[in-house]
Amino acid sequence: MNNPSRPPGARLLSVARDRLDLATSLRCGQVFHWESHGEGWIGALGDDPVYLEQVDDALWIAGAPDERVERYLALDHPLEEIVASFPQDDAMRGAAQFSRGMRIFRQPEWECLASFITSAMKQVAHITQMSLALRRSFGQPLVLGGRTLHAYPTPAAMAAASEAQLRACGLGFRAANLLRTARMIDSGEVSLEAVAAMGDDEAREELCRLPGVGVKVANCALLFGFGRLAAFPIDVWIERILRTLYFKGKRRVTPRRLREFAATYFGAYGGYAQQYLFHHARQTWGRGERGKKG
DNA sequence: GCCCAGGCCATTT
DNA sequence: AAATGGCATGGG
């Protein structure tokens, strides 16, 4: 039957369900601007607007070219091998089964970094609100099937704004940090191209030079934007998970101890393991954003 | 009103 | 190195 929300001329790409769970991947807290649209989703791959809808073992695509979609969704990540590499404990097995098909996307580096600068002390829904507000205020308009969406503002566009304008997007105290970071990127004081060429540790250090970027935000940018699949962001959820599931009853578990454990225990695809644990906990430990099923 | 939210930063132990 | 408090905004 026809789906009225699906733009005319949509193409079909064959992707097995267990190779990709689109909805879970979009809602797991790695990316913050996709909007539910009928049976599918609308978003931007950089400056390329796209409609995506998963039906059984197929993906409907309208807008951006297939190759760009495949790259953004990281369909080349060896998911089976990645999941098989996870440590074999009950918590990890449960998380892996709960979010089967969840992928870590290849987001544009700047968009990813900037979004996580705004993420401090905010719920995922709020981060999305701020992203959409920033896009509408400073981003390039993109048209798809008669509907307008917006690219994420470039560093130059954001650097030209005022702190008050950013605060008007709901950023609060994050506005000053984001503005200063945008100006450092725009001026070339810090180069994301250079960061992309560095090893993980050096890249993390370089990102931490930016205002509003600490180890956690840097790791998110490395994992979700720079494709560093070993990067292991430790936020309040992951810290709770590690303490509860892996350090039960232990005392004086220092941040240093947690970092060392995370780096050695979860392996080369630690970032993937982290995201599976994160999403599983958020969906099953209450709070968060239960009940909103589009 | 009260609580907390994918932290960062400066300051103090 | 580890703890502490301030920082804006919005939703439950």
Side-chain angles (χ1 to χ4, degrees), chain A residues 24-34 95 99 102 104-105 107 111-134 137 162-182 184 190 204-225 228 231-244 247 250-263 270-292:
Chain A
T24 299
S25 302
L26 288 174
R27 287 194 293 213
C28 73
Q30 63 172 317
V31 62
F32 306 103
H33 78 280
W34 289 84
S99 308
M102 189 176 87
I104 288 180
F105 296 158
Q107 292 177 52
E111 171 180 331
C112 180
L113 172 65
S115 297
F116 277 101
I117 287 175
T118 68
S119 76
M121 294 289 294
K122 278 293 185 187
Q123 294 185 351
V124 172
H126 295 153
I127 305 168
T128 302
Q129 278 182 212
M130 291 184 285
S131 174
L132 293 175
L134 288 168
S137 298
S162 69
E163 184 180 330
Q165 284 178 295
L166 296 190
R167 281 180 181 264
C169 296
L171 292 183
F173 63 84
R174 304 153 195 82
N177 287 334
L178 182 57
L179 182 58
R180 289 174 58 202
T181 288
M184 286 175 72
V190 169
R204 187 179 301 105
E205 255 185 73
E206 184 70 5
L207 289 174
C208 285
R209 290 177 53 204
L210 298 163
V213 181
V215 174
K216 190 272 175 181
V217 168
N219 276 325
C220 285
L222 287 174
L223 175 58
F224 302 122
R228 309 304 175 92
F232 195 101
I234 300 180
D235 72 318
V236 291
W237 282 93
I238 290 296
E239 180 168 349
R240 215 176 305 161
I241 291 165
L242 294 182
R243 287 180 184 281
T244 305
F247 291 89
K250 309 234 170 170
R251 225 158 267 285
R252 281 192 294 282
V253 181
T254 64
R256 176 177 178 76
R257 183 80 197 282
L258 287 177
R259 286 201 307 274
E260 287 173 353
F261 173 77
Y272 256 94
Q274 175 273 155
Q275 198 61 16
Y276 273 78
L277 289 170
F278 175 79
H279 185 242
H280 181 49
R282 250 170 44 92
Q283 296 302 311
T284 59
W285 287 13
R287 305 273 93 60
E289 305 171 337
R290 295 173 307 169
K292 297 197 211 164

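Note on naming: letters A, B, ... go to the chains in the order of the sequence lines (proteins, then strands), and numbering restarts at 1 for each one.
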Under the criterion side chain to side chain contact (heavy atoms under 4.5 Å, CB included), which of A:His126, A:Gln129, A:Met130 is the partner of A:Thr118? A:Met130
Counting N and O atoms only, with roles assigned by atom type, does the side chain of A:Gln107 sit under 3.5 Å from a partner on the main chain of A:Gln30, one being a donor and the other an acceptor? yes
What nucleotide, of C:dG11, B:dG6, B:dA5, holds the atom closest to the side chain of A:Arg240? B:dA5
Hey, does A:Arg174 reach any base, or is it just sugar-phosphate, or nothing, if we go heavy atoms under 4.0 Å? base
Looking for any heavy atom pair under 4.0 Å, which part of the strands does A:Leu171 touch: base, sugar-phosphate only, or nothing? nothing
Once you round it to whole Å, what is the distance between P of B:dG6 and CZ of A:Phe116? 11 Å
Tell me: CG of A:Leu134 to P of C:dT9, nearest whole Å? 14 Å
Is any side-chain N of the basic residue among A:Glu260 and A:Arg257 closer than 4.0 Å to the acidic one's carboxylate O? no
When the P atoms of C:dG6 and B:dG6 are considered, how many whole Å apart are they? 22 Å
Could you tell me whether the phosphate oxygens of C:dG12, OP1 or OP2, come under 4.0 Å of any side-chain nitrogen or oxygen in A:Gln123? no
DNA chain C stem ranges, 3 or more consecutive Watson-Crick or G-U pairs under 3.5 angstrom: B:2-5 with C:9-12, B:7-13 with C:1-7
Report each atom pair, protein N/O against N/O of nucleotides 1-4 of chain C, whose distance is under 3.5 angstrom.
unit_1	atom_1	unit_2	atom_2	d
C:dA1	OP2	A:Arg256	NH1	3.3
C:dA2	OP1	A:Thr254	OG1	3.1

Contact letters for nucleotides 7-13 of chain B, in which S counts primed atoms plus P, OP1 and OP2 and B counts the base, heavy atoms under 4.0 Å: BSS----
